[in-house]
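Numbers restart at 1 for each chain; the letters A, B, ... are given by sequence-line order, proteins then strands.
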There are 2 protein chains.
Amino acid sequence: MPYVDGPISGEQAKQHALTGLREAIARGEMAPAQRLVEGELAERFGVTRGSIRAALIDLTAEGLVERIHNRGARVRVVSVEEAVAITECRMVLEGLCAAKAAAQATDEQLSELAALGQAMVKAVADGEPLTYSALNHELHAYIRDISGQQVAVELLQRLNAQLVRHRFQLALRPGRPQKSLNEHLALIEAIRAHDPEAAQVAVHAHLASVIDALRE
Amino acid sequence: MPYVDGPISGEQAKQHALTGLREAIARGEMAPAQRLVEGELAERFGVTRGSIRAALIDLTAEGLVERIHNRGARVRVVSVEEAVAITECRMVLEGLCAAKAAAQATDEQLSELAALGQAMVKAVADGEPLTYSALNHELHAYIRDISGQQVAVELLQRLNAQLVRHRFQLALRPGRPQKSLNEHLALIEAIRAHDPEAAQVAVHAHLASVIDALRE
DNA sequence: GGCAACAAAAATGTCAACAATCTTGTTCGC
DNA sequence: GCGAACAAGATTGTTGACATTTTTGTTGCC
């Protein structure tokens, strides 16, 4: 009996295609505005065209993909102007999460935060911007986690997914990690001091600086 | 030639079903947790089952509907706890919009705001909570409009759609319109004074009061 | 050579039948 | 009478073929 299975399908297949596509877009494999042909993607992921189509519809709702009637799907390009608007929203939503995190973080979570902060210091000292960027992302995610504000967390995940390209571009800018590091350390300190007000201010300051950097 | 057209279909049909369903949910025609049977809805709206299915998928992404595999779609029920979390997010996002609106509103827009405020005063004086609720909604939408913050506006529309049931319940509570009115007038004044800080504070105060009311 | 009309190919959109799954009602054994 | 197994009906999920539309390539005319 030959092991030539046809394309898998069903819910599992759609999920596979969805995560695969999302990651491919995130790591920049798909150039912006590149056409996403259903047939090609179906073959590449070994699923049916229907699964790919369903995944593309989901990604459209997430704002990562743009679909035009009878003209297929493309990777959506996020202009600098829009990236700024998105970051403004992140500013207030992450401010909310940081304030909540500061109010209710446990001692265990606080020491985890401190550890993250030290790892970031080390990454900058070692001159490893990619490691730093990953830790950066992890820190923000952890703070969201602590906040327990499920609604804000979901909104932020959507918004962040749309910024992958800009985030990447920003991380490699010389001098940027050092500035960002100080802002993050201030944020960590505010949370460790259980000071919601200061945490919110720190987030605002940090993301205001990100907005400046976005605009070059 | 008989005028018995079958169910219409295509993009137009899906849009028709989508808006129809959204409005039906908004006006509470569909009880919470009620099953949404694809076949019934298809007949009701005169479209094919495929169009209904597509619309339900979209509404799921919008958070208005819940779909379980092989078990169909239901109107999603938003718990009080979740309504509070949603309102917290509204607080910061509408605060952002109000601040922007205060910074950049034109004279024409300011007088439109004043007119809205006076209409609200009249609605409360006349004891018409439904009119007031509609004006309330209109005011918030107009401020979002002035802000020009497209990203925040879209997020807020999503969030607001999920609150229809709670909003309705809140509007009919005795004494609530009077309190709400004062908060709105303060917000309008702050924007008219081109004071972003005060506008943001007014929004926060207003929605904090909404959260208190939600919790009863 | 350039352009418009046309033809071929590719890609997306749509549908109707079929398959899989869940729900409900009934029967049988205890 | 009660519960479990079973069968019938209802509902959703999936597929593959087909229709529509866009795109590409070609031809013929000026």
Next item on the list: Count the heavy atoms belonging to other residues, nucleotides or ligands that lie under 6.0 Å from CD of B/Gln12, then report whether that count exceeds 12.
Entry: no
Check: Can you name the residues that form a side-chain contact (heavy atoms from CB on, under 4.5 Å) with A/Glu62, not counting sequence neighbours?
Finding: A/Arg22, A/Leu59, A/Leu64
Checklist line | Flag side-chain contact, heavy atom, 4.5 Å: A/Lys100 against B/Glu88 | finding: yes
Check: When you check the gap from the basic side-chain N to the acidic O, do B/Arg74 and B/Glu66 get nearer than 4.0 Å?
Finding: no
Note to self: For B/Glu81, I'd like to know if atom CD has over 12 heavy atoms of other residues, nucleotides or ligands within 6.0 Å.
What the structure shows: no
Notebook entry, point to check: Base, backbone or nothing for each nucleotide of nucleotides 9-14 of chain D, written B, S, -, heavy atoms under 4.0 angstrom, 5' to 3'?
Noted result: --SBBB
